[in-house]
Amino acid sequence: VDTAFSNNANDTTPDKLAAELLVKDSSGNLDFVVSDQGYVGVGDYSPDDLLNVSSSSAEAGVAITSLGTNTDSVLKFELTDGTANYTVGVDDSDNDYFKIDSTGLGTSNHLVIDTSGNVGIGHASPSAPFDLDVANGTNDTGYIAEIVNQDVTAGESNGLLVQAGV
């Protein structure tokens, strides 16, 4: 455990700074940190969330389990520290649906997969294997979907094939 004190010579009552637990590898490189707020960093020297996992040389994988009632298991993706660009997880308060949202689960319902495997885009409760919903007034192009095949090779520039009963 590392503990730091104020090194100001004029300070008659030096402040004891909160301790951190630091785990170093055999070469002295910092691998694991528990901050004074209880935040854990694996490969992150100054974690600012309950768990920060960072790696420049290997896949950074995490298993997330939420045991409380109506508590979500989530993973946030941030491009700016502290600001979620996307949140991915299981929304425990909404039938355990898997969701991808821009800020928090259930705020925008960009992508929802229900427990039957139905996929909804812009739809909170998909009722078909693929359920696409665009709110009125949010689509200025007039299209709910656009499919473009940019392959202009002779004989291979097909569009969209929809078949039933195959």
Side-chain angles (χ1 to χ4, degrees), residues 1-135 138-139 144-146:
V1 175
D2 286 351
T3 304
F5 292 89
S6 170
N7 63 355
N8 182 344
N10 297 324
D11 192 351
T12 57
T13 57
D15 298 324
K16 180 178 177 182
L17 302 177
E20 295 181 334
L21 172 65
L22 308 173
V23 177
K24 299 178 181 181
D25 66 15
S26 60
S27 300
N29 298 316
L30 190 59
D31 285 336
F32 181 87
V33 173
V34 178
S35 75
D36 59 329
Q37 291 110 1
Y39 296 164
V40 176
V42 179
D44 186 339
Y45 305 142
S46 56
D48 57 359
D49 291 303
L50 291 176
L51 175 65
N52 281 56
V53 178
S54 178
S55 175
S56 60
S57 61
E59 182 175 285
V62 178
I64 302 171
T65 305
S66 178
L67 301 174
T69 302
N70 288 331
T71 58
D72 302 333
S73 297
V74 299
L75 180 61
K76 295 179 184 179
F77 293 91
E78 301 176 348
L79 297 176
T80 302
D81 194 23
T83 303
N85 293 85
Y86 286 95
T87 301
V88 177
V90 177
D91 192 343
D92 191 32
S93 64
D94 190 13
N95 300 306
D96 297 338
Y97 290 174
F98 177 81
K99 297 182 177 183
I100 299 175
D101 271 325
S102 52
T103 53
L105 295 185
T107 58
S108 302
N109 295 308
H110 291 306
L111 180 98
V112 175
I113 302 174
D114 70 14
T115 53
S116 299
N118 293 336
V119 176
I121 296 178
H123 198 275
S125 300
S127 58
F130 180 70
D131 195 339
L132 176 65
D133 187 18
V134 177
T138 61
N139 188 359
I144 60 167
E146 182 176 356

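Between the side chain of Asn95 and the backbone N or O of Tyr97 there is no donor-acceptor pair closer than 3.5 Å. In this structure, Asn118 contributes its side chain and Asp114 its backbone to no donor-acceptor pair below 3.5 Å. With hydrogens and angles ignored, the 3.5 Å screen pairs no side-chain donor or acceptor of Asp92 with any backbone N or O of Asp96. A donor-acceptor pair under 3.5 Å links the side-chain atoms of Ser35 to the main chain of Gln37, judged by distance alone.
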Under 3.5 Å, side-chain donor or acceptor atoms of residues 39-51 against the rest of the protein: list the pairs with distances, not counting sequence neighbours.
unit_1 : atom_1 : unit_2 : atom_2 : d
Asp44  : OD1    : Ser46  : N      : 3.0
Asp44  : OD2    : Asn52  : ND2    : 3.1
Asp48  : OD1    : Asn52  : ND2    : 3.4

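Applying the side chain to side chain contact (heavy atoms under 4.5 Å, CB included) criterion to Ile121, with sequence neighbours excluded, gives Leu111, Phe130, Leu132. Qualifying side chain to side chain contact (heavy atoms under 4.5 Å, CB included) partners for Thr107, counting only residues two or more places apart in sequence or in other chains: Asp101, Thr103. For Asp94, the salt bridge (charged side-chain N to carboxylate O under 4.0 Å, His left out) partners at least two apart in sequence or on another chain are Lys99. Qualifying side chain to side chain donor-acceptor pair (under 3.5 Å) partners for Ser54, counting only residues two or more places apart in sequence or in other chains: none. Here Ser93 pairs with Asp91 under the side chain to side chain donor-acceptor pair (under 3.5 Å) rule; sequence neighbours left out.
Of the inter-residue distances, the one linking Ser125 atom OG with Asn109 atom CG reads 8.0 Å to the nearest 0.5 angstrom.
For the side-chain hydrogen bond (donor to acceptor under 3.5 Å, both in side chains) condition, the pairs that include at least one residue of residues 68-90, sequence neighbours left out, are Ser66-Thr71.
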May I have the step-by-step check of side-chain contact (heavy atoms from CB on, under 4.5 Å) for Val88 and Val74, ending in yes or no?
CA-CA 6 Å; Val88 177; Val74 299; over 6 Å; no

